[in-house]
Trainee: 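One structure, pasted below without further comment.
Not measured: the values here are computed from a predicted model. Start at 1 and go down the list; that is how both ligands and their atoms are numbered.
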Amino acid sequence: MSKVAVVFWSGTGNTQAMADAVVTGAKDRGADVTVFGASEFSKENVSEFDGIAFGCPAMGAEVLEETEFDPMFTDIEGNLSGKKIALFGSYGWGDGQWMRDWEERCSATGAILVTDSVMANDAPGDEALEECKELGAALV
Ligand SMILES: Cc1cc2nc3c(=O)[nH]c(=O)nc-3n(C[C@H](O)[C@H](O)[C@H](O)COP(=O)(O)O)c2cc1C
């Protein structure tokens with residue numbers, strides 16, 4: 001059975017709702033899914049999974065959340081080469097720059113982005129939630 005991790009940070013629940021849909025999509029495709037809060041995941045976990053979905057909203061000034069998510073991601077990114085990953089997150093007033101920068105950072109590590117990233121403006125609507133399910137399925 002394909003093993004998928006969903007690793008996310010969410011302050012007000014919008015990225016959490018996206019993460020829930022990612023989990024549903026991966027499970028519907030038959031994956032064994034484990035959910036981690038950002039501070040619970042470390043580089044030792046990377047090799048345990050066939051695919052990893054990472055979720056983080058735009059924070060600061062178009063950056064990843066700086067207290068838990070970015071330190072975790074900085075710790076693990078050296079272990080992502082060849083790993084199947086996908087990215088999702090919510091944003092507010094920006095234009096998605098945080099996600100473009102994050103995708104570039106992931107590509108530089110040699111990680112394989114298996115599908116387009118999913119962004120939701122504030123709370124995800126039905127369309128974004130459906131895209132999150134497809135993102136989860138794409139990792140299986
Ligand atoms: C401290 C802080 C910084 C933020 N910075 C940005 C930003 O740079 N660009 C943006 O589009 N939205 C920004 N936002 C808006 C959040 O990305 C948005 O509210 C998002 O829905 C939060 O997701 P969450 O509910 O998963 O925490 C910021 C919000 C906060 C609280």
Side-chain angles (χ1 to χ4, degrees):
M1 186 186 280
S2 179
K3 291 192 72 179
V4 169
V6 180
V7 185
F8 74 99
W9 184 93
S10 182
T12 57
N14 296 330
T15 304
Q16 166 131 36
M18 299 175 80
D20 291 345
V22 172
V23 170
T24 300
K27 281 189 174 166
D28 285 353
R29 189 59 74 85
D32 175 11
V33 183
T34 308
V35 180
F36 295 85
S39 57
E40 298 165 348
F41 196 75
S42 66
K43 55 179 180 290
E44 289 74 31
N45 297 120
V46 170
S47 62
E48 297 167 14
F49 296 95
D50 303 301
I52 309 173
F54 292 103
C56 185
M59 296 295 285
E62 297 296 330
V63 293
L64 298 171
E65 190 278 324
E66 291 169 287
T67 304
E68 295 180 16
F69 195 92
D70 192 64
M72 176 278 296
F73 202 77
T74 299
D75 175 50
I76 69 158
E77 64 189 333
N79 293 55
L80 291 180
S81 183
K83 185 65 65 177
K84 293 198 298 180
I85 68 166
L87 309 180
F88 63 94
S90 174
Y91 67 102
W93 52 85
D95 70 349
Q97 187 62 45
W98 108 103
M99 184 61 82
R100 292 193 291 278
D101 291 344
W102 192 12
E103 288 170 340
E104 265 184 38
R105 183 174 170 184
C106 290
S107 295
T109 70
I112 302 161
L113 287 158
V114 296
T115 186
D116 287 346
S117 308
V118 179
M119 296 188 290
N121 191 220
D122 294 321
D126 290 346
E127 196 179 329
L129 291 174
E130 195 53 43
E131 288 172 1
C132 286
K133 284 188 195 170
E134 287 165 14
L135 182 149
L139 280 167
V140 180

Trainee: Using the test side chain to side chain contact (heavy atoms under 4.5 Å, CB included), find all partners of Asp20 that sit at least two apart in sequence or belong to another chain.
Mentor: Gln16
Trainee: Going by the angle between their ring planes, with limits at 30° and 60°, are Tyr91 and Trp98 parallel, tilted or perpendicular?
Mentor: tilted
Trainee: With a 6.0 Å cut-off on the ring centroids, do Phe69 and Trp102 count as close?
Mentor: yes
Trainee: Main chain of Glu68, side chain of Glu66: is a donor-acceptor contact present, judged purely on distance under 3.5 Å?
Mentor: no
Trainee: When you pair each N or O of ligand 1 with protein N or O atoms, which pairs come out under 3.5 Å?
Mentor:
unit_1, atom_1, unit_2, atom_2, d
ligand 1, 5 (N), Gly60, O, 3.1
ligand 1, 8 (O), Gly60, O, 3.4
ligand 1, 8 (O), Glu62, N, 2.8
ligand 1, 9 (N), Glu62, OE2, 2.9
ligand 1, 11 (O), Gly92, N, 3.0
ligand 1, 11 (O), Trp93, N, 3.3
ligand 1, 11 (O), Gly94, N, 2.7
ligand 1, 12 (N), Gly92, N, 3.0
ligand 1, 14 (N), Ala58, O, 3.3
ligand 1, 17 (O), Ala58, O, 2.6
ligand 1, 21 (O), Asn14, ND2, 2.8
ligand 1, 21 (O), Ser90, OG, 2.6
ligand 1, 25 (O), Thr12, N, 3.2
ligand 1, 25 (O), Thr12, OG1, 2.4
ligand 1, 25 (O), Gly13, N, 3.1
ligand 1, 25 (O), Asn14, N, 2.8
ligand 1, 25 (O), Asn14, ND2, 3.4
ligand 1, 26 (O), Ser10, OG, 2.6
ligand 1, 26 (O), Thr15, N, 2.8
ligand 1, 26 (O), Thr15, OG1, 2.8
ligand 1, 27 (O), Gly11, N, 2.7
ligand 1, 27 (O), Thr12, N, 3.0

Trainee: Examine Phe54 together with Phe8 and report whether their ring centres are nearer than 6.0 Å.
Mentor: no
Trainee: First locate atom CG of Asp75, then atom CD of Glu44, and finally report the distance between them rounded to the nearest 0.5 Å.
Mentor: 7.0 Å
